[in-house]
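Start at 1 with the first residue, then count along the sequence.
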Amino acid sequence: MQTNAPFWDSLVSDRIDEMDIEAVTAAFGTVEVAARGRATGAERPDCGRFSDRVHDRYQRRLKDLPLAEQVLVIRLTVRRFICGSAHCPRRTFAEPFSRLAAPHARFTTRLNHALERVGLALAGKQAPGWPPSWASVRDG
């Protein structure tokens, strides 16, 4: 099922102006949002120089907060840029999406914050019947 991308753009990427929504599909309890970076280039993290020379592209799959009780996955096309400076130790670098997710993360920042709040709210509370007594584990 293909849906109206501008509607999803406003709903899914609220306050995230780093990406463009290309397509949204919904099937079998999962909503998948295909997105790509909006910027023409990126600033090199080490030397601070701007580069718009694309070296390669790859896909990242990021889980996000559920949407209407459905799993929400963002399939993000990330570009790798070439740095033109001869003094940089790394020749290529990935397009940053700092407001969407941390580098190498599999969850969005929104989902990470929600999981942190749940963890803090439940910290120090024991689940009923956990841990099981050693006698019940041994006699199993």
Heavy-atom side-chain proximity of [X] to [Y] below 4.5 angstrom:
{"X": "F97", "Y": "L76", "value": "yes"}
{"X": "F107", "Y": "L65", "value": "no"}
{"X": "F93", "Y": "S51", "value": "yes"}
{"X": "T25", "Y": "V31", "value": "no"}

Do the side chain of R60 and the main chain of A105 share a donor and acceptor less than 3.5 angstrom apart?
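Yes: the side chain of R60 pairs with the backbone of A105.
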
Any donor and acceptor pair, going by atom type alone, linking the side chain of E32 with main-chain N or O of V73 inside 3.5 Å?
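Absent.
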
Apply side-chain contact (heavy atoms from CB on, under 4.5 Å) to D56 and T92, showing your working.
CA-CA 9 Å; D56 198 7; T92 64; over 6 Å; no

Does E95 come within less than 4.0 Å of R80, counting only side-chain N to carboxylate O?
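No salt bridge links E95 with R80.
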
Determine, for R110 against D64, whether the closest basic-nitrogen to carboxylate-oxygen distance falls under 4.0 angstrom.
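Counted as a salt bridge, because a side-chain N and a carboxylate O are separated by less than 4.0 Å.
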
According to a hydrophobic-cluster definition based on side-chain heavy atoms being under 4.5 Å apart (Ile, Leu, Val, Met, Phe, Trp, Tyr only), do I74 and Y58 belong together?
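I74 and Y58: one cluster.
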
Hydrophobic clusters here meaning ILVMFWY residues chained together by side-chain heavy-atom distances under 4.5 Å, can you tell me if V118 and V71 are in one?
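No; V71 is not reachable from V118 via cluster members.
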
Evaluate the criterion side-chain contact (heavy atoms from CB on, under 4.5 Å) for residue pair L100 and M19; output intermediate values, then yes/no.
CA-CA 9 Å; L100 180 63; M19 62 183 189; 3.8 Å; yes

Least distance between heavy atoms, T109 atom then S98 atom:
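For T109 and S98, the tightest heavy-atom pair comes out as OG1-O, 4.3 Å.
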
Nearest atoms (heavy-atom pairs only) where F81 meets V54
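Taking every non-hydrogen atom into account, CE2-CG2, 3.7 Å.
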
Under the side-chain contact (heavy atoms from CB on, under 4.5 Å) criterion, do L111 and T108 qualify, and how do the steps go?
CA-CA 5 Å; L111 179 57; T108 63; 3.7 Å; yes

Verdict with reasoning, R75 to Q59, per side-chain contact (heavy atoms from CB on, under 4.5 Å):
CA-CA 7 Å; R75 188 171 34 91; Q59 298 280 323; 2.9 Å; yes

Flag yes if more than 12 heavy atoms outside R106 fall under 6.0 Å of its CZ atom; otherwise flag no.
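No, not enclosed.
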
Between R57 and T77: side-chain donor-acceptor atoms closer than 3.5 Å
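Side chains of R57 and T77: no pair found under 3.5 Å.
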
